[in-house]
Amino acid sequence: MTSVKDRVIAIIAEQAVLEPGDVSMDQTLEDLGIDSLGLVESIFAIEEAFDIQVPFNANEPQESDFDISSVATIVAGIEKLVAEQHA
Amino acid sequence: MKRVVITGAGTINAIGHSVSETFASMREGRCGIGQLEIQDVERLSIQIGGQVKGFEAEGEFNRQQMALYDRFTQFTLFAAREAIQQSGLEFIGELAARSGVVLGTAGGGVSTWDENYRAVYEAGKNRVHPFVVPKLMNNAAASHVSIEYNLKGPSFTVSTACASSNHAMAQAFQMVRLGMAPAMVTGGSESMLCFGGVKAWEGLRVMSKDACRPFSMNRNGMVQGEGAGVFVFEEMEHAKKRGAEILAEVVGFAMTSDASDIVMPSKQGAARAIAGAMKDGGINPEEVGYINAHGTGTAANDKTECAAVADAFGQHADNLMISSTKSMHGHLIGGTGAVELLACIMALRDGVIAPTIGYEEPDPECALDVVPNEAREAKVNVALSNAFAFGGLNAVLALRKV
């Protein structure tokens, strides 16, 4: 079965119009050319894919419990949420 | 060109079912935002709003009317009655033939869409009420006002998201100013506080779960409201001749388009609209004492708006007052400019500046006098009302004390 990491990267890659292989863990969304609208779309797609709630408010991204500073932090955040919300 | 004055005002919103109640609430800094009372609220992650409470439509309208009036139309008719009664105008003969109604709404009959989608999708019904279309159409409110008050001149609805009412009032102003119409009924209305209406806004992730705190460092988003504001704009000599009470003069407007992003606001677009309204009204920037801000309480709007005001006014930005009454009545989306124009009228007529409530912490990026938390007495000669919509469509109106 595909890992959470691979599925998250696939969603981010689709948003960035890139191949999943071209997305690396240390990149930021800005590096990938994903703007604020692209971000909320990605979060929506992730929520749908994993049937989870991602705590994210576009007004205070830095205050949300969800760290969007890189692909790695997003993947880690989603892994945690999937573990928690499907526990 | 003709001079244009306001001779009637009416409203219903979360902080008042009339202009006088709304003024009193604005003076007291009363918050009308609270827990939403709507179907399926438990499935919403945003459960607050500036909902109109205690409005008994059944007592206002008969059964036949209720079948045709969506809540946004009900609000409009309720506010229009107050405005037209205050104006004292009776639309007959030539006056009726040339006067019309231009109103703003972003969503029109959202609750009607919502209820009937529920019926066919959720409840599996295969039949809806025959009046669904005339009830939900965006021009329903304007049409019912024209029918009720015999307004037979230019009538239509403007829909530019959060700037709808300001665009509508700018149109009405222009029609009276150019001599096309001796009087126009104008303003706007919105009623999106139903499950689908709030759910759609949730998706953007710009909504606050607890409060609307415009310009405050700890602001975390906008809060939806609902209601209507309706005004009678009248040619000044026409109003004077019949001895009408004049609430304020409408002196200028400007509309601009950012031509940049579908949701992110632009400082240049906003500043051009503010400067344009002053130029159109022959207003010296130093004369402006008060601005009713768009002030949504989102991170993006508030800092962009303050930067635009600083750009348009230079040094004088530090001397004027700018407040967001959305902190009290919420964001009425397409109806918001209409209700907010009341704060400008109150500033000019009564010398009372409505506060920005919920203000807790200064934000260096919003370093203007935002009239935090308490209303203030001040003499104001010119007031502006800002509206900056999604889609980058901006409209600013300028009012002068009479």
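In what follows, chains carry the letters A, B, and so on, assigned in the order in which the sequence lines appear, proteins first and then strands, with residues in each chain numbered from 1.
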**Q** What part of M264(B) gets closer than 4.5 Å to chain A, counting heavy atoms only: side chain, backbone, both or neither?
**A** side chain
**Q** Counting neighbours of CD on Q35(B) that are heavy atoms of other residues, nucleotides or ligands and sit closer than 6.0 Å, is the number greater than 12?
**A** yes
**Q** Check whether more than 12 heavy atoms from other residues, nucleotides or ligands sit under 6.0 Å from atom CD of E361(B), and answer yes or no.
**A** yes
**Q** I'd like to know if the side chain of N57(A) reaches the main chain of V206(B), judged simply by a donor and an acceptor atom lying under 3.5 Å from each other, with no hydrogens or angles considered.
**A** no
**Q** Just wondering, are more than 12 heavy atoms of other shown residues or ligands nearer than 6.0 Å to CZ in F66(A)?
**A** yes
**Q** Within residues 24-43 of chain A, which positions have a heavy-atom distance to chain B below 4.5 Å?
**A** S36(A), L37(A), V40(A), I43(A)
**Q** Considering residues, nucleotides and ligands other than K199(B), do more than 12 of their heavy atoms fall under 6.0 Å from its NZ?
**A** yes
**Q** Can we say E60(A) and R213(B) salt-bridge, meaning some charged N sits less than 4.0 Å from an Asp/Glu carboxylate O?
**A** no
**Q** Around E14(A), counting heavy atoms of other residues, nucleotides and ligands shown, do more than 12 lie under 6.0 Å from its CD?
**A** no
**Q** Looking at residues at least two apart in the chain, or sitting in another chain, which of them share a salt bridge (charged side-chain N to carboxylate O under 4.0 Å, His left out) with D258(B)?
**A** none
**Q** Does E374(B) CD have over 12 foreign heavy atoms under 6.0 Å away?
**A** no
